[in-house]
Amino acid sequence: MNNPFNPHNTMKSIKDINFSGRKVLLRVDFNVPINDTGVITDDTRMRESMPTIEKLLADGAAIIIMAHFGRPKKGGFEPEFTLLPVAKHLETLVGRPVLFTQALLGSGEPEQMARNLKPRDILLLENIRFYPGETKGDDNLAQQLAALGDCYINDAFGAAHREHASTAVIASHFPDNKYFGFLMENEVRNLERLMQHAERPFTAIIGGSKVSSKIGILENLIDKVDNMIIIGGMRYTFTKALGGRIGNSICEDDKLDLARDLMRRMDEKGVRYYLPVDSVIGDRFANDANTQVVPSGEVPDGWESMDCGPKSCQAIHDIILASKTILWNGPAGVFELETFAKGTKAIASSVAQACKQGTFAAVGGGDSVAAVKQMNLADQMSYVSTGGGAMLEYLEGKTLPGIKAILS
Ligand code: ADP
Ligand code: MG
């Protein structure tokens, strides 16, 4: 694969490397939801790094796992942010003991445990954000961590937009021994395919509630895509900017000029943009609201638009089916309410159908991924990103420190 950071280096996959006898420092994203009683309510993130862990165990490596949990602020150990529940759950996932201590580096205990590791042992270090140096990207902490092992693998795509000690800075201590884990490698390959080698026509479907949270993505995509479909609550800022009546629909009045400017720039660049022609409106923000379908620019006062209408879904379907590459971020409507989930469902089905015909479709963003999972269509998409914030920053055209640190 092309490496934009160091053209003399191609991306080495851990698939082609034997880690037998090595002590691998592995950064993962195990920032899972844990309830008040210490039970992990969704272990998806942990399971997503299992292929990397299993590969290392199969090779006969010892693994030192670094992970963060929540946002501890005090500096030092805080019981509510311990990784102990994660350590216990990891034992059931790998089917072997996981070494764990709540003692921090500097006490000598984790250092000693790391020294004594034998092949196929797993040591989970306590929450890496207990060290104030982690989020500061402190090289002293990076060095302390690096001293524990002899190579570094980053599989924490969800934290790749952070320039932290364990996600980026540590890599500089392993100039010849740093790699992506399988999850990270898959994300990077798919994102590069999307943003650097997209087959045309390339269609972006961008939605969600606010234009303000998607400005960077919209601006970056203007130079990349052939079609831009603007859906969700944010399209009402565009509809109002075009002179439409939007009733009580969500709108950012301070972004009307921006919306006009974006549309002008898309016209100039020859990007065909599509705004839904009809809307499902409700008289209340509730499942049992009274609803009707109206043209998008004719929402009566007292009513709020909460989904795309059927004509729009058909038009969007046709654009999707004529595309070779699709990027989808942002639901079409308030999909959390069943009454207003039809537009998002229709788009998910259209994208799934396109994938069956060989189109490459990527879905990203916390709510968008939740929506396709809720609709049981995630496994029919070419690629569903595991990193909410990290993927959105990549789509804005930003360089992610976690990726750069491995490739440079
Ligand atoms: P993502 O997390 O995938 O990037 P966003 O966070 O930008 O997506 O947007 C998701 C939110 O947008 C959802 O909570 C959804 O209810 C909301 N939304 C979508 N359409 C509308 C609408 N017409 N009115 C109000 N909110 C909407
Ligand atoms: Mg969101």
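Both counts, for ligands and for their atoms, begin at 1 and track the order of listing.
- Scanning the protein heavy atoms around atom 21 (C) of ligand 1, the nearest turns out to be G233 N, 3.2 Å.
- The backbone N or O of A160 sits nowhere less than 3.5 Å from a side-chain atom of T167 that would complete a donor-acceptor pair.
- Ring-centre distance between Y394 and F157: not below the 6.0 Å cut-off.
- Taking every non-hydrogen atom of S368 and a distance limit under 4.0 Å, the qualifying atoms of ligand 1 come out as 1 (P), 3 (O).
- Atom OG in S279 sits 11.5 Å away from atom CZ in F340 (nearest 0.5 Å).
- Taking every heavy atom of I250 and a limit of under 4.0 angstrom, the matching atoms of ligand 1 come to 24 (N), 25 (C).
- At a 4.0 Å heavy-atom cut-off, ligand 1 does not touch S249 at all.
- Between K345 and E338 a salt bridge is recorded (basic side-chain N to carboxylate O distance below 4.0 Å).
- Counting heavy atoms closer than 4.0 Å to ligand 1, residue V334 contributes atoms from both its backbone and its side chain.
- The existence of a salt bridge linking K214 and E252 is excluded, since no basic side-chain nitrogen approaches an acidic carboxylate oxygen closer than 4.0 Å.
- The shortest separation from a heavy atom of K214 to ligand 1 is under 4.0 Å, placing the residue in contact.
- In this structure, atom 9 (O) of ligand 1 lies nearest to the protein heavy atom G208 CA, 3.1 Å.
- For atom 18 (N) of ligand 1, the closest heavy atom belonging to the protein is G333 O, 3.8 Å.
- Annotation: atom 17 (C) of ligand 1 to nearest protein heavy atom, S209 CB, 3.9 Å.
- When atom types are taken as modelled, the side chain of S368 and the backbone of V363 share no donor-acceptor pair closer than 3.5 angstrom.
- Taking the N/O/S atoms of D367 in turn, the shortest distance to the Mg ion (ligand 2) belongs to OD2.
- Ion pairing of D278 with K311 is absent here, as no side-chain N (NZ or NE/NH1/NH2) approaches a carboxylate O to less than 4.0 Å.
- With respect to atom 15 (C) of ligand 1, the closest heavy atom belonging to the protein is E336 OE1, 3.6 Å.
- Salt-bridge annotation for D257 and R260: present, with a side-chain N of the basic residue lying under 4.0 Å from a carboxylate O of the acidic one.
- The protein heavy atom nearest to atom 6 (O) of ligand 1 is D367 OD2, 3.0 Å.
- Under 4.0 Å from ligand 1, the heavy atoms of N329 that appear belong solely to its side chain.
- Without hydrogens or angle criteria, D59 side chain to A61 main chain gives no donor-acceptor distance under 3.5 Å.
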